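Encoded as structure tokens, the structure appears first; notes follow it.
Just so we're clear, the structure is a prediction, and the values are computed from it rather than from any experiment.
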Amino acid sequence: MSGGKKVIGKNILKKLVVLTLAFALVIPVNLRLVAAEDVLGVKADAAILVDSNSGKILFEKNSNTPLPIASMTKMMSEYLVIDAVHNGKISWDQKVTVSEYAHKISQNTGLSNVPLELGGKYTVKELYEAAAIYSANGATIALAELVGGSEKNFVQLMNDKAKKLKLGEVKFVNATGLVNKDLQGMHPEGTSPSDENIMSAKGVAKLAYYLLNDYPEVLETSSIPKKIFQEGQKYPVRMENWNWMLPGLVFEYQGMDGLKTGSTDSAGFCFTGTAERDGQRYISVVMGADSYNSRFSETAKLMDYGFSNFEKITLVEKGQAVKGNKTVKVIKGKEKEVNVVAKDSLTLAVKRGEGKNYKAQIKLSGKNIDEDGNIIAPIKKNTKVGEIIVKSSNKDDLGFITTSNEKAFDLVVDKDVEKANWFVLTFRAIGSFFGNLWGSIVDGISGLFK
């Protein structure tokens, strides 16, 4: 028996040795992967830092995993409201009548709200400010019902816009970011009480990127630290921005002027921040931080990394040509060639001293370009005739949120080119014919003396 025990003991020992070796091989690899991804030690489930000018990713941690986004949802609601104003569907001074649904949610003091009267009338601007500054849920629902006709329809608009902007794996089930169970049984039809909005950190950053670039006026509201809702009216409410990194608030951070906080039990504490210094703006997203304060301290960590370690470079100035690609041949035009230039300046943030790793190339395309790469006249100034592609030779480059590893900027013509009349085109054709004929004769004669 004792010999049997020894054999069993030896077998167990061998297995332990094998397991120990296996863990020794596996654990360092996993640790290296984590270290390579999270060089900043960000204490959150997911995070990302992006150059707002170009969409270039500067840091990311678990950025592709879909997670609950809580009230960061309201960035999409804000986008659709501003979009509706820009398209003339609604106006900022338009009065909105509060429905029973919006009224009931607004009376819940356990949620972020400004109380709204049932049947009360408030301007779009008032409700928008309440949603953007104070994350007011009832106000957000009232806006959703105005723009979409119902929250259900508005949610469809949200999902449609997410698809159009290519935000990745996204699920919107309500306009506010609350878990549906908090909507008192009035959650949009077709969704369940346990549903909530889901997106990745990269998707959230991309939404913020488009919001800032399409409608920069969003910062006029998101940067307001404190405001009185319905000041001078019957029921004024003091609103203090939940973004405590704004000037004058608890975690004031230089240059911070947006964008949106969010928190639920499942989402943890989240924050999409944006800050600008000396013309350089960054967007950060922190998801699943473990406390109200830590989402701001982790955001500061990301922003400090951006402002301290990166610099803005300009590859091509607005109205300037890419080196070696100044002109393009024009066919059927009064002029035989035209300059092609950058519609806007090509600026991006890169690690200090690494600007040499980035180059610009042109790619002609579109209805104004023929199969041989010539521009077809007539054409108007600033007409897009292709793209300027930013290429990187840096193997550690994280790419852009809008594309995988390159970024495209609009390439345009710098002046009008009219179509030549039939007389000019005819003589050009004749000249070309005789030029080619003369060239053939010369080539033939040259061949005789070889």
Residue pair [X] / [Y]: nearest heavy atoms and the distance that separates them:
X: K419; Y: A377; answer: CA-CB, 4.1 Å
X: P225; Y: P247; answer: CG-O, 3.6 Å
X: V170; Y: A162; answer: CG1-CB, 4.1 Å
X: R281; Y: L219; answer: NH2-CD1, 3.4 Å
X: A46; Y: L67; answer: CB-CD1, 3.8 Å

Partners meeting salt bridge (Lys or Arg N to Asp or Glu O under 4.0 Å) with D410 (sequence neighbours left out):
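For D410, the residues satisfying salt bridge (Lys or Arg N to Asp or Glu O under 4.0 Å) (neighbours in sequence not counted) are K384.
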Has [X] got more than 12 heavy atoms of other residues, nucleotides or ligands less than 6.0 Å from its [atom1]?
X: Q233; atom1: CD; value: yes
X: K312; atom1: NZ; value: yes
X: K125; atom1: NZ; value: yes
X: E418; atom1: CD; value: no
X: K343; atom1: NZ; value: no
X: D372; atom1: CG; value: yes
X: D278; atom1: CG; value: no

Would you mind reporting whether [Y] and [X] have side-chain heavy atoms less than 4.5 Å apart?
X: F271; Y: S263; answer: no
X: V124; Y: S91; answer: no
X: N374; Y: I369; answer: no
X: Q254; Y: R277; answer: yes
X: V350; Y: N357; answer: no
X: V204; Y: M72; answer: yes
X: N241; Y: K226; answer: no
X: I57; Y: K202; answer: yes

Hey, could you give me each pair passing salt bridge (Lys or Arg N to Asp or Glu O under 4.0 Å) that has a residue in residues 346-363? Not counting sequence neighbours.
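Listed once each, the pairs would be none.
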Sequence neighbours left out, what pairs pass salt bridge (Lys or Arg N to Asp or Glu O under 4.0 Å) with at least one residue falling in residues 299-311?
E298-K301
Return yes if a side-chain donor-acceptor contact under 3.5 Å exists between [X] and [Y], otherwise no.
X: N113; Y: Y134; result: no
X: N180; Y: E196; result: no
X: T140; Y: N137; result: no
X: S150; Y: E145; result: no
X: T123; Y: D93; result: no
X: N197; Y: N174; result: yes
X: S135; Y: K260; result: yes
X: K206; Y: T402; result: no
X: K380; Y: T383; result: no

Would R295 and F269 count as a cation-pi pair here, with the cationic atom under 6.0 angstrom from the ring centre and within 45° of the axis?
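No; the conditions do not both hold, so R295 does not lie above the ring face of F269.
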Among residues at least two apart in sequence or on other chains, which ones pass ring-ring contact (aromatic ring centres under 6.0 Å, His included) with Y292?
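Y292: ring-ring contact (aromatic ring centres under 6.0 Å, His included) contacts with W244, F296.
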Non-neighbouring partners of F409 that pass ring-ring contact (aromatic ring centres under 6.0 Å, His included), sequence neighbours left out
none
Please determine whether a side-chain nitrogen of the Lys or Arg among D195 and K171 lies less than 4.0 Å from a carboxylate oxygen of the Asp or Glu.
yes
Using a strict threshold of under 4.0 Å (side-chain N to carboxylate O), is an ion pair present between E240 and K227?
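E240 and K227: not salt-bridged.
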Taking the six-membered ring for Trp, are Y79 and Y210 closer than 6.0 Å centroid to centroid?
no
Sort out for me which residue in T299, T272, L259 forms a side chain to side chain contact (heavy atoms under 4.5 Å, CB included) with V285.
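Of the listed options, the one satisfying the test is T272.
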From CA spacing to verdict: side chain to side chain contact (heavy atoms under 4.5 Å, CB included), D416, I379
CA-CA 6 Å; D416 295 344; I379 192 167; over 6 Å; no
Show me the donor-acceptor pairs, under 3.5 Å and distance only, between side chains in residues 317-329 and residues at least two apart or in other chains.
| from | atom 1 | to | atom 2 | distance (Å) |
| --- | --- | --- | --- | --- |
| N325 | ND2 | K323 | O | 3.3 |

Determine, step by step, whether T347 and I313 satisfy the side chain to side chain contact (heavy atoms under 4.5 Å, CB included) criterion, reporting the C-alpha distance in whole Å, the side-chain angles of both residues, the deciding distance to 0.1 Å, and the verdict.
CA-CA 5 Å; T347 63; I313 64 169; over 6 Å; no
Using the side chain to side chain donor-acceptor pair (under 3.5 Å) rule, take K74 and S77 through it: C-alpha gap first, then chi angles, then the decisive distance, then the call.
CA-CA 5 Å; K74 292 184 176 76; S77 297; over 6 Å; no
